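Whatever order the structure lists them in is the order used to number ligands and atoms, beginning at 1. Just so it is clear, the model here is predicted, and its values are computed rather than measured.
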Amino acid sequence: MAEGQGTTAVESKAPSATIRDIGRHQGARVVVRGWLYNLRESGKLLFPIFRDGTGLIQGVVAKNAVSPEVFAAVKGLTQESSVIVEGTVRADQRAPGGYELDVSNVQVVQRVPDADPYPISLKEHGVDFLMEHRHLWVRSTRQAAILRVRAEIIKAARDFFDDRGFTLTDPPILTPAACEGTSTLFPVDYFEEQAFLTQSGQLYIEATAMALGKVYSFGPTFRAEKSKTRRHLTEFWMVEPEVAYATLDDIMELGEGLISFLVQRCLEKRRSELETIGRDLARLEKIAPPFPRLSYDEAVAMLQEAHAKGALESRFEWGGDLGAPDETYLSSQFDKPVMVHRYPAQVKAFYMEPDPQRPELALCVDVLAPEGYGEIIGGSQRIGSYDLLRQRIHEHGLPEEAFRWYLDLRKYGGVPHAGFGMGIERAVAWICGLEHVRETIPFPRMIYRIYP
Ligand code: 4AD
Ligand code: MG
């Protein structure tokens with residue numbers, strides 16, 4: 001058959017079905033629209049496996065049950081050719097999804113040419129090759145399962161806040177100034193003025209929190225991270241709650257509540273996807289409040305002890321920020337996420353409220369996921385004092401002019417307030433048990449990758 005040309009159209013009165021729900025149609029004739037995933041041939045029988053984005057199903061094409069054209073079209077059909085299939089659903093205990101399709105008709109919508117086959121075969125490929133073909137790689141069973149878990153986590157995060165009286169407020173993406181340090185800003189030419197892609201919506205939702213009480217944002221954020229780690233993307237999605245009159249303790253409770261909710265939702269609704277990915281579900285079943293809390297001082301003591309025992313290469317000194325190996329070590333000591341609070345102010349962002357007991361510490365928290373996944377949440381109580389905030393803006397070398405509006409929030413009815421940000425990709429990587437965040441987003445952006 002000529003390239004791109006199909007068999008005659010499937011003009012069936014049979015209802016359309018998705019593979020995920022095909023059991024509802026047992027014994028009935030249905031139409032499935034999808035792609036050829038794989039094909040096994042055995043004389044007068046063909047065993048195509050179809051996928052439709054919701055699942056896989058094996059079809060049985062018997063030579064005497066279809067027209068000669070249809071049999072010829074399916075025989076030798078190439079992987080990822082698009083097909084519309086009509087068949088009768090039959091329960092089969094041995095089949096992976098519990099059902100098979102006795103095929104009566106097939107329309108080949110577009111046949112992948114023999115001379116230019118689908119580049120991703122069912123055998124192993126290297127990661128660089130797969131990343132270069134990310135637009136096709138997302139079709140694989142495992143990648144599709146990860147994307148479904150991601151969608152579930154995003155929906156669950158929104159449900160969590162929507163159901164607790166939070167209002168979604170969208171901060172701008174083009175911003176005049178830094179939120180999380182000037183070293184990771186992406187500059188944008190904004191009509192001959194310098195602007196930046198946002199690093200976090202926080203500063204803006206502090207303003208909407210003063211208007212609405214409890215708010216959150218969910219959107220893309222950008223960091224010109226020069227690091228090439230398994231945790232860093234240059235474009236990632238963050239969910240950020242901000243709460244008027246809240247303290248550090250309040251948002252720590254909110255954070256453990258959110259994380260537990262996300263995990264429970266995935267266990268409830270995406271169990272089969274997690275199984276496809278190969279996640280150890282027993283580890284996720286343990287995720288429930290309360291999470292252990294560890295002060296920075298206690299964390300330092302643990303790290304120094306680990307070094308003394310030879311479990312950590314370098315000795316951690318009080319006053320520094322935790323590096324990836326330190327976070328990995330700490331988080332592997334607990335089977336729940338651990339909340340490390342009160343870091344030295346000098347290693348944290350300019351907007352954090354000092355601890356009144358020890359002003360050299362910030363009222364902040366990093367939540368480290370277990371199994372060595374490291375930080376998935378960063379949050380804090382925000383500076384309340386106009387004068388201190390202005391001083392910090394100067395100490396951090398930030399332009400006061402760009403923060404005038406932010407300072408206003410401390411002038412016109414300022415209140416204690418707090419919030420945090422959770423990186424969606426870090427949460428997905430941990431919940432799915434993935435080696436690298438690059439598989440958690442359809443098209444990852446990293447220092448050496450902007451294609452496809
Ligand atoms: O700790 P971060 O930098 O905190 C903030 O941006 C605050 N303004 C949030 C707030 O208080 N509203 O980032 C928050 C989270 C991290 O814990 C991590 O999960 C994720 O965002 N994150 C990244 N994820 C992927 N790639 C990167 N380069 C990331 N940088 C931060
Ligand atoms: Mg952080």
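Ring-plane geometry between F161 and F420 is classed as tilted, the angle between the planes lying from 30 to 60 degrees on a 0 to 90 degree scale. Between Y296 and Y343, the two ring planes are tilted [angle within 30° to 60°]. Using the six-membered ring where Trp is involved, W237 and F218 have ring planes that are tilted, between 30° and 60° apart.
The Mg ion (ligand 2) has E375 OE2 as protein N, O or S atoms under 2.8 Å away.
Of the N and O atoms on the side chains of T221 and R223, not one donor lies less than 3.5 Å from an acceptor on the other residue. Side-chain atoms of E353 and S380 form no donor-acceptor pair, as typed in the model, at a separation below 3.5 Å. Of the N and O atoms on the side chains of E242 and Q202, not one donor lies less than 3.5 Å from an acceptor on the other residue. A donor-acceptor contact under 3.5 angstrom links the side chains of H394 and E400, judged on distance only.
In plain terms, the two heavy atoms of L368 and S331 that are nearest each other are CB-CB, 3.9 Å.
For the pair K336 and F291, the cation-pi test (distance below 6.0 Å, angle within 45°) is failed.
Among protein residues, E180, S200, Q202, R223, E225, R231, H232, L233, F236, M238, E240, Y351, E375, I376, I377, G378, G379, R382, G419, F420, G421, G423, R426 come within 4.0 Å of ligand 1, judged on heavy atoms.
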